[in-house]
Amino acid sequence: MIALLFALFTLAMLLALRENLLPAHAVFALALGLGLFWFNHHMSSSLSIQL
Amino acid sequence: MQLTPETSRNLNALGLLAICLVLAMAFYDQLARADLPCPLCLLQRLGFVAVGFGLCLNAIHGPRPRHYALMLIAALFGISVSGRQILLHIVPGTGSYGEPFLGLHFYTWAFVCFFLVLLGTAIMLLSEGQYRTEGRVPPARFGGRLLPKAAFALMVLLAAANAVSALLECGPGVCDDDPANYKLLEEAAPRS
C-alpha cells in the first residue's frame, strides 16, 4: 500500500511536468492524506513515556 | 535579501538534489547493508518525496508561495513521523531500529533534515524578489537550465524506485512492523 503512495507522488510530479497543475495538486493532497492514514495505522506501539 | 527568479530556481534545484542525496543514502543503507526500512521509515521517505514535489514545482514552473506551502506541509508530516519514531526509542533500554550512521539513527537524521527543510523554506519565503515577473519574458519549463532538469529527473527516478522497493518489501498489503525480507520476492520464490 505504501508503494501506491510513492507511485502517486511520482504521478503528481509527472502531471506537474505536463503542466496539469490542478490534477497534480489533487494527487499530492490524496497521497499525503493516505500517508496520514497509514501513519495513524502504524502508530500502534505505545510509548514508554507519558506526554 | 532579494533573490531573482533564476537564482531561486537554482537554489530550489540544489535543494532537490539534497533531498535526492538523502533518499539515495537510504537506498544505499537498504541495499548495501541489507537494512530493510520499517513502515515508519518508509513514511519518512514518503515525507522527503513529498517535499521533493514542492521543490519540483519550483524547479519546473519557477518559485511560488504555494509551492513553498506544500513543502512546509510535507516537512511537517515528515517531522511528525520521525519525531514519533524517536519518542518510541527515547527511553534508555527501549531499543532502536537499524544501525546508527555517524552516531545517530536514520530516524534522528530524518528529524534533523525535516527541521532544516522547514528552516530553509521559511528563509526562502523571506525574499519577495523571486516572484517578480514584470518586464520579463515568461521562462520556459525549468528556466531552460540543465541543473533543474537533472534534479527533477533524479527525483522522479528515486520516487519510482521507492515505489518498486516498497512493493517488493511489503507487497500490496500492510508492511510488517519489523521486516526481515522482501515479502513479494519470498512469495514468488518456489518453495522447496
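Proteins come first, then strands; the chains are lettered A, B, ... in the order of their sequence lines, and each starts at number 1.
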*Give a yes or no on this: more than 12 heavy atoms of other residues, nucleotides or ligands lie within 6.0 Å of atom CG of B/L31.*
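Yes, CG of B/L31 has more than 12 neighbouring heavy atoms, counting only those of other groups under 6.0 Å.
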
*asked:* With a 6.0 Å cut-off (strictly less than), is the heavy-atom count around OH of B/Y28, excluding the residue itself, greater than 12?
replied: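 Result for OH/B/Y28: open.
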
*Flag the pair B/Y97 / B/Y107 as yes when their ring centroid distance falls below 6.0 Å, and as no otherwise.*
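Judged by ring-centre distance (under 6.0 Å), B/Y97 and B/Y107 do not meet the cut-off.
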
*asked:* Can you confirm if the aromatic rings of A/W38 and A/H42 lie within a centre distance of less than 6.0 Å?
replied: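 Yes, the ring of A/H42 comes within the 6.0 Å limit of the ring of A/W38, centre to centre.
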
Which atoms of [X] come close to chain B, meaning under 4.5 Å heavy atom to heavy atom: side chain ones, backbone ones, both, or neither?
X     : result
A/A29 : neither
A/F28 : side chain
A/L36 : both

_Winner by heavy-atom pair count (cut-off under 4.5 Å) against chain B, out of A/L32, A/L17, A/L5, A/I2_ =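 The candidate making the most pairs under 4.5 Å is A/L17.
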
*Quick one: of A/A31, A/A7, A/A16, who has the most non-hydrogen atom pairs under 4.5 Å with chain B?*
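Going by pairs under 4.5 Å, I would pick A/A16.
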
Contact class of [X] relative to chain A, heavy atoms under 4.5 angstrom:
X      : value
B/R66  : side chain
B/V91  : side chain
B/L40  : side chain
B/L70  : both
B/L57  : side chain
B/P39  : both
B/S165 : neither
B/F77  : side chain
B/I60  : side chain
B/H89  : neither
B/C170 : neither

_Residues that B/R33 engages under salt bridge (charged side-chain N to carboxylate O under 4.0 Å, His left out), provided they are two or more places apart_ =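 Result, salt bridge (charged side-chain N to carboxylate O under 4.0 Å, His left out) vs B/R33: B/D29.
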
*Judged by modelled atom types alone, do B/Q85 and B/Q44 share a side-chain donor-acceptor pair under 3.5 Å?*
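Per modelled atom types, B/Q85 and B/Q44 side chains form a pair under 3.5 Å.
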
*Any donor-acceptor N or O pair under 3.5 Å, side chains B/N181, B/E186*: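 Judged by distance alone, the side chains do pair up.
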
*asked:* For a quick test of reading the model, state the closest non-hydrogen atom pair linking B/M124 to B/L3 and the distance between them.
replied: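 Answer, listing the atom of B/M124 first, then B/L3: CE-CD1, 3.7 Å.
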
*Any chance you could measure B/L46, atom CG, to A/F39, atom CZ, to the nearest 0.5 Å?*
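Reported value, rounded in 0.5 Å steps: 12.0 Å.
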
*Yes or no on side chain to side chain contact (heavy atoms under 4.5 Å, CB included) for B/N162 and A/T10, after CA distance, side-chain angles and deciding distance?*
CA-CA 10 Å; B/N162 268 294; A/T10 310; over 6 Å; no

*Under a 4.5 Å heavy-atom cutoff, which of B/V174, B/I73, B/I90 has the most pairs with chain A?*
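Most heavy-atom pairs within the cutoff with chain A belong to B/V174.
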
